[in-house]
Amino acid sequence: MATITQAKVIVTSPGRNFVTLRITTSDGVSGLGDATLNGRELAVASYLRDHVVPLLIGRDPARIEDMWHYLYKGAYWRRGPVTMTAIAAVDTALWDIKGKVAGMPVYDLLGGRARDGVLVYGHASGSSTAELLDDIARFRDLGYRAIRAQAAVPGAPGTYGVRHDAVYEPAAAALPEEQTWSTEAYLAAAPAYLTAVRENFGFDFHLLHDVHHRLTPTEAGHLGRRLEDLRLFWMEDPTPAELQESYRQIRQATTTPIAVGEVFNTIWDCQQLITERLIDYIRASVVHAGGITHLRRIFNLAELYHVRTGSHGATDLSPVSLSAALHLDSTVPNFGIQEYMEHDPLTQQVFRASYAFREGALYPSSAPGLGVEIDEEAASRFPYDRKYLPVGRRTDGSVHDW
Ligand code: KDG
Ligand code: MG
């Protein structure tokens, strides 16, 4: 039996911070798992280095399900983003190893591909409606069949989803940028710019929009109703989801499809949302929801309730996460869509991924395992650089959901 002989935590910042776990076995096979938690990276690195790595040495890398429960139940303290991201990293690395040992891509281990390509959506944005329309045209030219649209809101500087410089969701300085939010200004602006997108480009592509947890259920229902004629693919994260039953109110107010899940860590965060059909798409991620093993469980539960998948895939998830998501997306019958933001050239110097984009879809690599390698020498050239996600404040100065 092969055993785990080494588990190394690699922290690197090629333009933005990433934490990666590399597990190596006594047979010399190694696998990668993403352990990046944007803005709290070192907490996961410590959880892994100080608490999890000593538990891995000497264990059988083939027993993925057992390892998941050993780390989840064995810690006694359950759930939470730090714990679940660490478990995800171990789980993902073990699937990568299992694929390499079997000589199969991970999608074959998961039952084989149910589709050829994975439909993805890109991010169009602008600091004005005109800029947003130009960006939509760019994505259409690139062949995207699904596009998320966000534009700056006059009166709410630093509006969510609009690129600043080249990096997405950065911190401007060593402390969180504080952005101003006005629900009134947003509710006036968003329907107008989304209508302009449909007026200019028609309906032959999927249009998505992310509310980023900023509305109350009443406001979200109202917005969804106003957007119905635009036939959105989804309205994302209309309101925070700690109170799962609050989505019933949004659901009753509008037929605009609802997606939620990027901050979820476990199946229990979405159990009611799924089993009571309060959402249309579950948007959890491999890295923050316990790895391939646990996300598959969430997607399988969703299938029973006519809820489709919509994996989160922003650039603060590393190419290892994206690749793992693509392998899983390829296999699940209830697949909906995958978020895709191309990683920038610096990130690609460190992570060599072999998925490919064609005509609005991503194709996972057919190489054994996940098909991503990390260049540790390149990674070492980019030391950790502490950064925070922004914080939102209402116009009266009080803190709002970001
Ligand atoms: O780290 C937070 C980002 O991943 C998040 O703000 C991106 O909402 C997001 C999205 O849908 O991509
Ligand atoms: Mg989002």
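Atoms within each ligand, like the ligands themselves, are counted from 1 in listed order.
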Taking the six-membered ring of Tyr70, is the NZ or CZ of Arg59 close enough (under 6.0 Å from the centre) and on axis enough (within 45°)?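 Satisfied, under 6.0 Å and within 45°.
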
For ligand 1, which is the ligand I care about here, please tell me if Glu339 has any N or O atom under 3.5 Å from one of the ligand's N or O atoms.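 Checking ligand 1 against Glu339, an N or O pair does fall under 3.5 Å apart.
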
Quick one: does Arg283 get an N or O within less than 3.5 Å of an N or O on ligand 1?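 Yes; at least one N/O pair falls below 3.5 Å.
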
Just which atoms of ligand 1 are under 4.0 Å from any heavy atom in [X]?
X	result
Trp402	6 (O)
Asp210	8 (O), 9 (C), 10 (C), 11 (O)
Asn38	1 (O)
Arg148	10 (C), 11 (O), 12 (O)
His123	12 (O)

Run the salt-bridge test on [X] and [Y] with the 4.0 Å N-O cut-off and return the result as yes or no.
X	Y	answer
Glu373	Lys100	yes
Asp229	Arg198	no
Arg381	Asp375	no

Residue portion contacting ligand 1 (non-hydrogen atoms closer than 4.0 Å) for Asp237: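 Asp237 to ligand 1: no contact under 4.0 Å from either part.
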
Under the criterion ring-ring contact (aromatic ring centres under 6.0 Å, His included), I'd like the reasoning laid out for Phe205 against Phe233: C-alpha separation, chi angles, the key distance, then a yes or no. CA-CA 9 Å; Phe205 68 103; Phe233 188 91; over 10 Å; no

Only to 10 degrees, please: what angle do the OE1 atom of Glu262 and the OE2 atom of Glu236 make about the Mg ion (ligand 2)?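 Output for this angle: 100°, rounded to tens.
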
Whether the Asp27 and Thr25 side chains hold a donor-acceptor pair (N or O, under 3.5 Å, no angle test) is what I'd like checked.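 There is no such pair (donor and acceptor under 3.5 Å, judged by atom type) between the side chains of Asp27 and Thr25.
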
Just by distance, do the side chain of Gln244 and the backbone of Leu273 share a donor-acceptor pair under 3.5 Å?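 Flag set: sc Gln244 to bb Leu273 pair under 3.5 Å.
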
Full working for salt bridge (Lys or Arg N to Asp or Glu O under 4.0 Å) between Asp96 and Arg22: CA-CA 10 Å; Asp96 194 18; Arg22 181 204 278 281; over 6 Å; no

Using a distance threshold of 2.8 Å, state whether an N, O or S atom of Asp210 lies below it from the Mg ion (ligand 2).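 So Asp210 does bind the Mg ion (ligand 2) by this criterion.
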
Could you work out, for atom 8 (O) of ligand 1, the closest of Met341, His288, Glu262 by heavy-atom distance?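 That would be Glu262.
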
